[in-house]
Amino acid sequence: MAERTFVAIKPDGVKRNLIGKIITRFEEKGYKIIGLKLLIPTTEMAASHYAEHEGKPFYPRLIKYLTSGPIVAMVVQGPNVIAESRRMMGATKPENAEAGTIRFEYAICQEYNIIHGSDSPESAEREIAIYFKEEELCPNWNTMLEVIMDAK
Ligand code: UDP
Ligand code: MG
């Protein structure tokens with residue numbers, strides 16, 4: 001199976017009308033979006049998503065933030081997509097993010113930093129399962145399109 005990761009445009013990104021710009025970056029880079037939905041995460045989903053941060057001082061605000069409005073949840077597929085999409089996002093703190101990265105371009109604070117991406121294969125599979133059923137994903141749409149075009 002090709003490598004896949006979970007990416008979310010957080011509520012501040014949606015509110016600021018950055019959905020198109022952010023999705024475009026992944027498309028233009030060459031990655032395939034194989035799962036996509038707009039939803040307001042429940043407290044349970046947010047708690048599960050950020051379980052590793054439970055007990056940290058910023059955790060309660062983080063849960064409030066993630067459940068404050070719709071997010072765009074995505075599964076993105078392609079070679080080395082877990083590490084590479086994190087690189088495209090830039091450092092958690094926008095002031096440490098490399099120029100040209102999503103957080104450098106669109107965020108000014110560490111707390112509201114626009115985007116989330118899984119940090120390992122284990123987190124990717126765990127996070128995908130919080131937001132998607134396997135049958136909601138379209139991992140082969142590229143091949144499907146080729147088959148249709150070949151048949152013409
Ligand atoms: N966060 C925060 N304060 C901190 C560290 C993190 O509010 O001191 C928030 C921020 O939105 C961040 C999220 O918690 O994106 C998860 O933190 P993590 O360290 O996992 O960063 P990420 O993986 O998102 O770069
Ligand atoms: Mg993280």
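Both ligands and their constituent atoms are indexed starting at 1 by order of listing. Values below: every heavy atom of this structure, side chains too, minus hydrogens, waters and symmetry copies.
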Nearest-contact summary for atom 24 (O) of ligand 1 - protein heavy atom, Å: Arg103 NH2, 3.1 Å
Nearest-neighbour protein heavy atom for atom 9 (C) of ligand 1, which is reported as residue plus atom name and distance: Leu62 CD1, 3.8 Å
Lys37 NZ/CZ over Phe132 ring centroid, <6.0 Å and within 45° of normal: yes
Minimum-distance protein heavy atom relative to atom 20 (O) of ligand 1: His53 NE2, 2.8 Å
Heavy atom of the protein closest to atom 11 (O) of ligand 1 (residue, atom name, distance): Glu111 O, 2.8 Å
Minimum-distance protein heavy atom relative to atom 22 (P) of ligand 1: Thr92 OG1, 3.6 Å
Nearest non-hydrogen protein atom, atom 3 (N) of ligand 1: Phe58 CG, 3.4 Å
Shortest protein heavy-atom distance from atom 23 (O) of ligand 1, along with the residue and atom involved: Arg86 NH1, 2.7 Å
Identity of the nearest option to atom 15 (O) of ligand 1, non-hydrogen atoms only, from Asn113, Leu66, Ile63: Asn113
Heteroatom proximity flag, Tyr65 to ligand 1, N/O under 3.5 Å: no
Tyr50 and ligand 1 - part of the residue with a heavy-atom distance under 4.0 Å: side chain
Presence of salt bridge, Lys21 and Glu105, under 4.0 angstrom: no
Shortest non-hydrogen separation from Tyr106 to Arg16 and the atoms involved: O-NH1, 2.7 Å
Nearest protein heavy atom with distance in Å, relative to atom 10 (C) of ligand 1: Gln110 O, 3.3 Å
Ligand 1 to Lys10 polar contact by distance, N or O atoms, under 3.5 Å: yes
